[in-house]
A.B. asks: 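Submitted below is the structure of interest, expressed as structure tokens.
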Amino acid sequence: MTDRVLEVNDLCKSFGGVQAIRDLSFGVAPGEVMGLIGPNGSGKSTTVNALAGVFPATSGQIMLGGAPVQDMSEHARVAMGLARTFQTASNFAEFTVREQVMLGGAVTLKAHPLASVFGLGHHAREEDALRARVQDILDLTGLAPVAEQTVGTISSAQQRFLMIATALAAAPKILLLDEPAAGLVSHERKMLADTIKAIRDLGTAVLVIEHHMALIMEVCDRIVVLNFGSKIAEGTPSEIRNDRAVIDAYLGEAV
Ligand SMILES: Nc1ncnc2c1ncn2[C@@H]1O[C@H](COP(=O)(O)OP(=O)(O)OP(=O)(O)O)[C@@H](O)[C@H]1O
Ligand SMILES: [Mg+2]
């Protein structure tokens, strides 16, 4: 199954007596947008945190590009091609927008930090390449006009796009987005949908958690549905919209 950028097998996570994820298995193909939906407390953020390595899974296997990563650190998983955003915005208020996104890309620099002190050419070339990539990311996420502003002065919607931009700068194979539309109004959600599609078009897979069903149905190729930590359905948006178990557990009759 090495054609999958992410493969999750029988993942379990317990917090004391609470089993937050039970035997969860799914895979994401390169350039695919996968949705992860379900009621509050169904285990979506726990899944993202376990995939990212915030805490170890209780059991199960996580493969990135065919390599098992469940025993690796959070940082090592970023280097392996997994980047994520958080459910609540977490940025560095004193930095400029451009500086923060550059920092997100620092993991992609291979040269030793001292190379710049000694003026070694390959370091300068690497940094130039990162600068160019960061400019593309600022354009893609609509942040170019505020690139030189400090992070603390931009709007809360821009803060959310900045989290995405920072994660993208790590050049991930898969980007995990935990409720990226939280606090966004209608035209900002439209921008977010366009941004997610643009990320996909660049060949990066996306795993997106959202309660905003119109957004999920618009951007996702496939959707996994959790309820009480277990997968109750997986399919295309139209399959999920018409799935009786999903309607009963989460969607109601409205979607
Ligand atoms: N660090 C933790 N310690 C103890 N219990 C936790 C922890 N994180 C999550 N849980 C529990 O695990 C379950 C799943 O929580 P999780 O945050 O993954 O849900 P969610 O699907 O992201 O919900 P929401 O839609 O509200 O964000 C809940 O019962 C929650 O209380
Ligand atoms: Mg959550």
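All values derive from a computational prediction rather than experimental measurement. Values below: all heavy atoms of this structure, side chains included; hydrogens, waters and symmetry mates excluded. Ligands are counted one by one from 1 in listed order, and the atoms in each one are counted from 1 as well.
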A.B. asks: Any N/O/S atom, side chain or main chain, of S45 closer to the Mg ion (ligand 2) than 2.8 Å?
C.D. replies: yes
A.B. asks: Among K197, R189, K190, find the residue that satisfies the side chain to side chain donor-acceptor pair (under 3.5 Å) test when tested with E218.
C.D. replies: K197
A.B. asks: Do ligand 1 and G41 have nitrogen or oxygen atoms that lie under 3.5 Å from each other?
C.D. replies: yes
A.B. asks: If the cut-off is 4.0 Å to any non-hydrogen atom of A20, which atoms of ligand 1 fall inside it?
C.D. replies: 12 (O), 13 (C)
A.B. asks: At less than 4.0 angstrom from any non-hydrogen atom of E179, what atoms of ligand 1 do you find?
C.D. replies: 25 (O), 27 (O)
A.B. asks: Apply the test side chain to side chain contact (heavy atoms under 4.5 Å, CB included) to residues T141 and V101: give CA-CA distance (whole Å), side-chain angles for both, the deciding distance (0.1 Å), then the verdict.
C.D. replies: CA-CA 11 Å; T141 51; V101 180; over 6 Å; no
A.B. asks: Can you check whether L82 reaches L176 side chain to side chain, under 4.5 Å on heavy atoms?
C.D. replies: yes
A.B. asks: Any idea which atoms of ligand 1 are less than 4.0 Å away from a heavy-atom of G43?
C.D. replies: 14 (C), 18 (O), 19 (O), 20 (P), 21 (O)
A.B. asks: Please check if the number of heavy atoms outside F26 that lie under 6.0 Å from its CZ is greater than 12.
C.D. replies: yes
A.B. asks: A side-chain contact here means heavy atoms from C-beta on lying under 4.5 Å apart; do D178 and K44 qualify?
C.D. replies: no
A.B. asks: Show me which atoms of ligand 1 lie under 4.0 Å from any heavy atom of T46.
C.D. replies: 9 (C), 14 (C), 15 (O), 16 (P), 18 (O)
A.B. asks: Which of the numbered atoms in ligand 1 are under 4.0 angstrom from any heavy atom belonging to N40?
C.D. replies: 23 (O), 24 (P), 25 (O), 26 (O)
A.B. asks: Check for a donor-acceptor pair, side chain of E210 on one end and backbone N or O of H212 on the other, with a separation under 3.5 Å.
C.D. replies: yes
